[in-house]
Amino acid sequence: MKLIILLISLLSAFSLTAQKAVRKNIKQGNRSYNEQKYEQAASNFEEAIKIDPNALEANYNLGNTLYRQKEWDKSIEQQKHYLLIEKENEKQIAASWHNIGNAFLHKKDLQNSMEAYKMALRINPEDDDARYNLAVVQKMINDEEEEQEDQQEQDKDQKEDNQPESPDQQQDKKKKPEEQTEPEQMSRDNARQILQAIEQDEKETQKRLNEMKAEERKQKAQENRRQNKDW
């Protein structure tokens, strides 16, 4: 009986020590992330995950850190791993899909980016940032489709160059490139503005998430104090 009690005590002590190490690495990682020391932050989060592979905060924050390092593919992979272990916090799940959408957008993978934003909105319909980004991506897709149609028209016109043309046809053909230049240029300008807006939105979103986490930790600390007092 004494041996069983001893083993339980040792296991409890080991678990407590491991959890302290996880929290320490996450705390250090968050500090490095806020200081934009992303390489160090990634190392801290990875160390926390080695100790506890299911550490939700470490997995989520590692995905964000990889994104800051412009490791788009690794960030997407990490966020998808986080989605496999997070089963309760719908806002965080939606935020993870939102981040996946942003990473796909930087990869110029507009279709997958659009689907990720749709997933974020299905889970959290109140995510205005995801709704805005979804609209932006849809516009970019429409612009690309229009450009492709314009290119097809140009290719068709070039094929017709070998055929005799009337003076009126020649005049119309000269006008087409001029008519297309402005919308194409506007599309590229819009794309740059859109990416800048998304990056700014992302910074504000991350700030709000950090504030939410701080408030949750504060509430948990208050609950623990009340429970200890009642005990």
Side-chain angles (χ1 to χ4, degrees), residues 22-23 26-27 29-30 33-34 36 38 41-42 45 48-49 52-143 190-191 193-223:
V22 170
R23 291 304 312 166
I26 291 175
K27 185 176 180 180
N30 290 341
Y33 182 94
N34 291 330
Q36 299 183 4
Y38 300 125
F45 295 137
I49 292 170
D52 181 5
N54 293 323
L56 294 173
E57 186 176 355
N59 277 281
Y60 178 82
N61 289 355
L62 177 58
N64 290 344
T65 304
L66 291 168
Y67 177 91
R68 291 297 182 184
Q69 292 177 295
K70 299 183 179 181
E71 296 280 0
W72 315 126
D73 289 325
K74 290 182 180 179
S75 176
I76 291 169
E77 182 181 356
Q78 180 60 37
Q79 291 289 359
K80 287 184 176 180
H81 175 70
Y82 167 78
L83 290 170
L84 292 175
I85 60 177
E86 175 60 86
K87 303 299 183 183
E88 298 180 1
N89 193 329
E90 291 189 349
K91 285 190 176 180
Q92 284 292 92
I93 292 172
S96 185
W97 276 113
H98 189 165
N99 294 341
I100 290 172
N102 288 348
F104 271 124
L105 181 57
H106 279 284
K107 282 168 56 66
K108 305 296 188 294
D109 188 340
L110 300 184
Q111 290 294 336
N112 278 322
S113 178
M114 179 175 66
E115 293 304 319
Y117 291 137
K118 285 181 178 179
M119 285 294 298
L121 285 170
R122 290 188 189 109
I123 298 168
N124 181 17
E126 297 180 0
D127 188 346
D128 291 334
D129 291 333
R131 184 175 292 103
Y132 169 77
N133 289 356
L134 175 59
V136 165
V137 171
Q138 287 175 327
K139 183 182 184 306
M140 293 175 72
I141 291 174
N142 291 337
D143 287 345
N190 286 343
Q193 294 172 2
I194 284 165
L195 287 173
Q196 290 174 356
I198 288 174
E199 290 176 354
Q200 181 61 35
D201 289 341
E202 184 190 347
K203 290 180 182 178
E204 295 174 358
T205 300
Q206 188 62 42
K207 181 180 178 181
R208 288 196 296 271
L209 287 173
N210 289 336
E211 290 173 352
M212 287 171 58
K213 290 178 184 177
E215 183 62 27
E216 287 177 2
R217 288 195 292 270
K218 181 179 178 181
Q219 291 177 358
K220 287 181 181 178
Q222 291 175 346
E223 290 176 3

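Note that the structure is predicted; figures quoted are calculated from it, not measured.
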- prompt: Counting only N and O atoms by type, is there a donor-acceptor contact under 3.5 Å from the side chain of Ser75 to the main-chain atoms of Glu71?
  reply: no
query: Is any NZ, NE, NH1 or NH2 atom of the basic residue among Lys27 and Glu57 found under 4.0 Å from an Asp or Glu carboxylate oxygen of the other?
result: no
query: Will you find, in the side chains of Asn64 and Gln78, an N or O donor that is under 3.5 Å from an N or O acceptor?
result: no
message: As an exercise, state the distance from OG1 of Thr65 to NZ of Lys74, rounded to the nearest 0.5 Å.
response: 13.0 Å
field: From CG (Asn133) to CG (Asp129), nearest 0.5 Å
entry: 6.5 Å
message: Test your reading of the model: is there a side-chain donor-acceptor pair from Arg131 to the backbone of Tyr117, 3.5 Å cut-off?
response: no
query: Just wondering, do Ile93 and Asn89 contact through their side chains at under 4.5 Å, heavy atoms?
result: no
query: Where do Ile76 and Ala103 come nearest, in terms of heavy atoms and distance?
result: CG1-CB, 3.5 Å
message: Test side-chain contact (heavy atoms from CB on, under 4.5 Å) on Phe45 and Asn30; report intermediate values, then the result.
response: CA-CA 9 Å; Phe45 295 137; Asn30 290 341; 3.3 Å; yes
- prompt: Taking atom CD of Glu86 as the centre, does the number of heavy atoms from other residues, nucleotides or ligands within less than 6.0 Å exceed 12?
  reply: yes
- request: Locate the shortest heavy-atom distance separating Ile26 from Ala48; write the atom from each residue and the value.
  value: CG1-CB, 4.0 Å
message: Less than 4.5 Å apart, side chain to side chain, heavy atoms only: is that true for Asn112 and Lys107?
response: no
message: How close do Val137 and Ser113 get, counting heavy atoms only, and between which atoms?
response: CG2-OG, 3.7 Å
query: Looking at Ser96 and Tyr82, what are the two nearest heavy atoms and their distance?
result: OG-CD2, 3.6 Å
- prompt: CD/Gln92 to CG/Leu56 distance, rounded to the nearest 0.5 angstrom?
  reply: 9.0 Å
field: Any residue meeting side chain to side chain contact (heavy atoms under 4.5 Å, CB included) with Ala130, in chain and number order, not counting sequence neighbours
entry: His98, Ala120, Leu121, Asp127
Distance, nearest 0.5 Å, that separates CG of Asp52 from CZ of Arg23: 11.0 Å
task: Kindly state whether the ring of Trp72 and the ring of Tyr67 have centres lying under 6.0 angstrom apart.
output: yes
field: Shortest non-hydrogen separation from Ile141 to Met114 and the atoms involved
entry: CD1-SD, 3.9 Å
- prompt: At what distance, to the nearest 0.5 angstrom, does CG of Asn59 lie from CG of Asn54?
  reply: 7.5 Å
field: Neighbour count >12 (heavy atoms, 6.0 Å) for atom CD, Glu90
entry: no
- prompt: Side-chain contact, heavy-atom cut-off 4.5 Å: Trp97 with Asn124?
  reply: no
- prompt: Given Lys91 and Glu126, is the salt bridge (Lys or Arg N to Asp or Glu O under 4.0 Å) satisfied, shown in steps?
  reply: CA-CA 10 Å; Lys91 285 190 176 180; Glu126 297 180 0; 5.6 Å; no
statement: The reported gap from CG in Asn61 to CZ in Arg68 (rounded to nearest 0.5 angstrom) is 12.0 Å
field: Residue pair Ile100 / Phe104, side-chain heavy-atom distance below 4.5 Å
entry: yes
message: Using side-chain heavy atoms (C-beta onward) and a distance below 4.5 Å, is Gln79 in contact with Leu83?
response: no
query: At their closest point, which heavy atom of Ile85 faces which heavy atom of Pro53, and how far apart are they?
result: CD1-O, 4.2 Å
